[in-house]
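Written below as structure tokens is the structure these notes are about.
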Amino acid sequence: MTNLSVRIREVGPRDGLQNEKKWIETQDKVDWIDQLAETGLSYIELTSFVHPKWIPALSDASEVVKGVKKNKNVIFGALVPNERGLDRALEVGIDEIAVFLSASETHNRKNINKSIDETFLVLKPVIERAKKSNKPIRGYVSTVFGCPYEGDVDVNQTRKIAYQLMEAGVEEISFGDTIGVATPNQIEDVIQAISKEVSLEKMALHPHDTRGTALANVFAAYQLGVRAFDGSVAGLGGCPYAPGASGNVATEDLIYLLEGLGAKTGVDLEKLLESAKWIQRKLGRNLPSHHLQLAMAQDHREGFVDENTAY
Ligand SMILES: CC(C)(COP(=O)([O-])OP(=O)([O-])OC[C@H]1O[C@@H](n2cnc3c(N)ncnc32)[C@H](O)[C@@H]1OP(=O)([O-])[O-])[C@@H](O)C(=O)NCCC(=O)NCCSC(=O)C[C@@](C)(O)CC(=O)[O-]
């Protein structure tokens with residue numbers, strides 16, 4: 001029987017905010033995450049335990065994790081680049097850790113200051129220690145479908161990295177279209193190639209919508225049997241070390257598509273839209289989600305917002 005249940009990985013508080021120039025107060029981040037946790041989402045990536053100088057927008061990582069209400073229905077994850085990051089994450093009791101590296105050397109160096117081989121040397125003890133602490137581990141592979149510095153990326157490079165991550169003990173691997181260049185035919189080619197190393201149950205797609213192809217790519221991956229997708233509420237997002245990268249696929253658009261295909265996400269779209277509106281108001285600019293813009297247009301028509309409260 002077809003598996004109708006899909007896993008939505010909400011990355012808005014991490015991927016969504018990491019590139020924002022406007023500082024969002026820690027308490028606002030916490031309040032927003034508490035709202036998101038009431039929408040039926042089962043995984044929320046809260047922040048990153050990276051070097052605060054590299055990602056200033058998330059420099060309050062520990063305070064955010066400590067501030068968020070515990071919720072037995074939600075797994076709270078965070079990015080961890082090295083053992084120093086792991087120490088910080090464990091200290092505040094994160095539920096799950098996510099390690100990350102890129103399929104292209106240049107992006108990996110720009111993003112985490114190491115070659116791919118050096119990164120594995122750093123990640124091995126991180127994964128071993130996280131396992132000893134009974135923390136599930138997610139792995140991200142970025143620039144799978146194209147690199148902002150190198151262009152095309154050889155799928156064999158992604159396969160090799162995916163194999164090493166699985167060998168090291170990662171439970172799910174998220175394959176990133178970091179600069180939003182993928183098209184459905186490429187999704188098919190890449191999924192077929194990497195499924196030799198990673199079973200479909202352990203695969204996730206991390207689409208960015210830079211060229212408007214994210215939902216088409218989700219559809220292609222879903223048809224092939226992928227059942228985990230990363231999204232960012234309101235369509236926030238982008239990697240600061242990938243010039244031109246724009247927002248992740250909006251979680252509300254992702255959910256609409258998947259539910260329309262008959263999948264079960266367990267997420268309340270109306271509640272999610274409220275939290276999309278909330279973060280849009282905090283950031284003070286229109287965010288790219290289709291559902292959010294539709295809801296704003298309706299609110300305008302019904303007189304719920306005027307020009308002074310447009311966001
Ligand atoms: C990896 C590093 C830390 C290497 O940065 P580095 O400078 O090479 O680090 P280092 O190991 O040489 O250490 C230098 C100093 O930093 C400190 N340090 C070292 N590590 C930490 C830490 N974790 N937390 C706090 N401090 C730390 C360390 O203690 C030391 O301090 P000192 O002894 O000089 O006083 C840095 O490059 C970094 O933080 N990079 C993160 C960049 C990032 O977060 N990028 C965006 C996320 S990835 C992404 O967006 C893609 C994804 C996942 O979304 C999927 C997709 O879209 O494809």
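Predicted, not measured: the structure shown is a model, and the values here were computed from it. As the structure lists them, so they are numbered: ligands from 1, and atoms in each ligand from 1.
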Nearest to [atom], what protein heavy atom do you find, and at what distance?
atom: atom 22 (C) of ligand 1; answer: R84 CG, 3.5 Å
atom: atom 58 (O) of ligand 1; answer: T178 OG1, 2.6 Å
atom: atom 42 (C) of ligand 1; answer: N111 O, 3.1 Å
atom: atom 55 (C) of ligand 1; answer: S142 OG, 3.4 Å
atom: atom 2 (C) of ligand 1; answer: I112 O, 4.4 Å
atom: atom 8 (O) of ligand 1; answer: N113 ND2, 2.8 Å

Which ligand 1 atoms does [X] reach within 4.0 Å, using its non-hydrogen atoms?
X: P81; result: 1 (C), 23 (N)
X: R88; result: 22 (C), 24 (N), 25 (C)
X: N82; result: 3 (C), 19 (C), 20 (N), 21 (C), 22 (C), 23 (N)
X: G176; result: 58 (O)
X: V50; result: 22 (C), 23 (N), 24 (N), 39 (O), 41 (C), 44 (O)
X: G85; result: 23 (N)
X: H208; result: 57 (O)
X: D15; result: 54 (O)

| request: Report yes or no: does K53 have a heavy atom closer than 4.0 Å to ligand 1? | output: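 In this structure, K53 fails to qualify as a contact of ligand 1 - no heavy atom is under 4.0 Å.
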Heteroatom distance test ([X], ligand 1): nitrogen or oxygen, under 3.5 angstrom:
X: Q18; result: yes
X: R14; result: yes
X: F49; result: yes

L4 reachable from V226 in the ILVMFWY side-chain graph, under 4.5 Å edges:
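Yes: a chain of side-chain contacts under 4.5 Å links V226 to L4.
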Could you check whether [atom] has a protein contact, counting only heavy atoms that fall below 4.0 angstrom?
atom: atom 35 (O) of ligand 1; value: no
atom: atom 6 (P) of ligand 1; value: yes
atom: atom 28 (C) of ligand 1; value: no
atom: atom 39 (O) of ligand 1; value: yes
atom: atom 44 (O) of ligand 1; value: yes
atom: atom 20 (N) of ligand 1; value: yes

| Under 4.5 Å between any side-chain heavy atoms of W278 and D31, yes or no? |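 Contact flag for W278/D31 side chains = yes.
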Should one rank H107, K114, R109, H51 by closest heavy-atom distance to atom 15 (C) of ligand 1, which comes out on top?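 Considering heavy atoms of H107, K114, R109, H51, the nearest to atom 15 (C) of ligand 1 sits in H51.
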query = Do E20 and R285 sit within salt-bridge range, that is, some charged N less than 4.0 Å from a carboxylate O?
reply =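 Yes.
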**Message:** Can you tell whether the side chains of E91 and R88 come within less than 4.0 Å, N to carboxylate O?
**Reply:**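 No salt bridge links E91 with R88.
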Neighbour count >12 (heavy atoms, 6.0 Å) for atom [atom1], [X]:
X: Y256; atom1: OH; result: no
X: K131; atom1: NZ; result: yes
X: K202; atom1: NZ; result: no

**Report entry** Identified salt bridge (charged side-chain N to carboxylate O under 4.0 Å, His left out) counterpart of D230 within the set R138, R9, R7
**Finding:**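 Option passing the salt bridge (charged side-chain N to carboxylate O under 4.0 Å, His left out) with D230: R138.
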